[in-house]
Amino acid sequence: VEPGCIDFTTWYAEERDGLVRSLLVIGGDAEVARDAVAEAFSRAYERWGRVSAMRSPTGWVYRVALHEIRRRERRRRIEARLLRRRAEPPPTIPPPEVDPELWAAVAGLPRREREVVVLRYVADLREREVGEVLGISEGAASAALVAARRRLAQALEPSGTPGSARQPRPTTEATAP
Amino acid sequence: MNDIEDRLRRLQTTVPAPPLPGATAVMRRGRQRRHRRRGGAALAAVAVVGTGGLAIRVATAGEPDRVVTVLDPSDGAPPSTRTAPPPPGQPSTTVGTPTTSAPPADASTSIITGPAEEPTVVVPDVIGLGVDQAKRVMEDVGFAVMVRGGSGSAVVAQSPAAGSSMPAGSSISLETG
């Protein structure tokens, strides 16, 4: 699409599901994801003249939405502390259609690696765009991606050994005595 | 490794996207934010209509008037008339007369009635204005702006023409000379 020339309604229809799905995988909470997406797109429309003329309006809305879920998560932690309760862990129960093993492995990644992996594979952004969205260099995004893939490979069972998924696996190759 | 990438990519289709508000609701929220930011100056004139309910009518040459419902009468808002000076360059606005259409139950601000479900906005006439002012006027009513053309700072042509109805969020192209 030619920059500066996109129609808001069309753009929203094209990008909304990818964004809300990505935020759901990153944060694990459908309600937070939904609110953050609605907020981010309404901010885009608030200044649509400027946002639509950007090189990547999509990168902009992802950045705003990620900021928004971090803000909401922080607020929830603070509220929990004020109420002298433990912060509720984000619900990580995978939706029924989803590969549960993979879901758990992604949920177990450090935050930055999870963000990188989701933006790259679920949102389908290029590595340069992933870096732009997160405010890090392309090199840092690639490095986080490599680390995340390695960690996922360790967490997921090697192919062809069904049943071992639920058992803890050693992080390094076990050596025979 | 590729296996993991494929499994991650599959999340694009298997993770259900939480339901989101429609484009109209998101755009309404964006407009509200914009108005709040600018101190509500975009509302030019407000009058009491019929049995209650507030409406403003935006008159544009060569185009039937459009009525903007501002408040739901069922809120029990006291009848009052507020008038604010129109911002420079704003299309002329006149006090509305009673209309037959009842406002939707959830109308809180600026629902612009149009022929379709989607809200449409009348394109203001910005020819002769400075380009910055023209952009502000267009963005205030909900359009995106594309500027092309000469070295001059005043708008000499616009497309679509003033008075046409366009869905909110459309791009208007301005030519300077």
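Convention: sequence-line order gives letters A, B, ...; per-chain numbering from 1. Hydrogens, waters and symmetry mates play no part in the numbers below; they use all other heavy atoms, side chains included.
The main-chain N or O of B:Arg7 is never found under 3.5 Å from a side-chain atom of A:Tyr121 such that the two would form a donor-acceptor pair.
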- Item | side chain to side chain contact (heavy atoms under 4.5 Å, CB included) between A:Val122 and B:Val15, intermediate numbers included | CA-CA 9 Å; A:Val122 181; B:Val15 175; 5.9 Å; no

- Which is it for A:Asp124 and B:Arg9 under the side chain to side chain contact (heavy atoms under 4.5 Å, CB included) test, yes or no, and what are the steps along the way? CA-CA 8 Å; A:Asp124 216 8; B:Arg9 284 212 174 83; 4.2 Å; yes

- Intermediate values then yes/no, salt bridge (charged side-chain N to carboxylate O under 4.0 Å, His left out), B:Glu5 and A:Arg149: CA-CA 8 Å; B:Glu5 294 186 339; A:Arg149 278 196 305 246; 3.2 Å; yes

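Both the backbone and the side chain of A:Glu39 come within contact range of chain B, with heavy atoms under 4.5 Å apart. The contact between A:Val106 and chain B is made entirely by side chain atoms (from C-beta outward), counting heavy-atom distances below 4.5 Å. Residue A:Leu24 touches chain B through its side chain alone, counting heavy-atom pairs closer than 4.5 Å. With a threshold of 4.5 angstrom between heavy atoms, A:Val117 approaches chain B through side-chain atoms but not through N, CA, C or O. Of the atoms belonging to A:Arg120, it is side-chain heavy atoms, and not backbone ones, that fall under 4.5 Å from chain B.
To the nearest 0.5 Å, atom CZ of residue A:Phe41 and atom CZ of residue B:Arg29 are 12.0 Å apart. To the nearest 0.5 Å, atom CZ of residue B:Arg31 and atom OG of residue A:Ser42 are 11.5 Å apart. Within the model, atoms CZ of A:Arg21 and OG1 of B:Thr14 stand 8.0 Å from one another, a figure rounded to the nearest 0.5 Å. One finds the CG atom of B:Asp3 at 11.0 Å from the CG atom of A:Leu152 (value rounded to the nearest 0.5 Å). The line from CZ of B:Arg10 to CG of A:Leu102 is 9.0 Å long, rounded to the nearest 0.5 Å.
Put simply, the residue from B:Arg34, B:Arg33, B:Arg28, B:Arg36 that forms a salt bridge (Lys or Arg N to Asp or Glu O under 4.0 Å) with A:Glu46 is B:Arg33.
With a 6.0 Å radius and a threshold of 12 heavy atoms from other residues, nucleotides or ligands, A:Arg126 has its CZ atom at or below the threshold.
Follow the hydrophobic side-chain contacts under 4.5 Å out from A:Met54 and you reach A:Tyr62 in the same cluster.
The residue among A:Trp11, A:Tyr45, A:Tyr12, A:Phe8 with the most heavy atom pairs within less than 4.5 Å of chain B is A:Tyr45.
Considering all non-hydrogen atoms of both residues, B:Ile4 and A:Ala153 come closest at CD1-CA, 3.3 Å.
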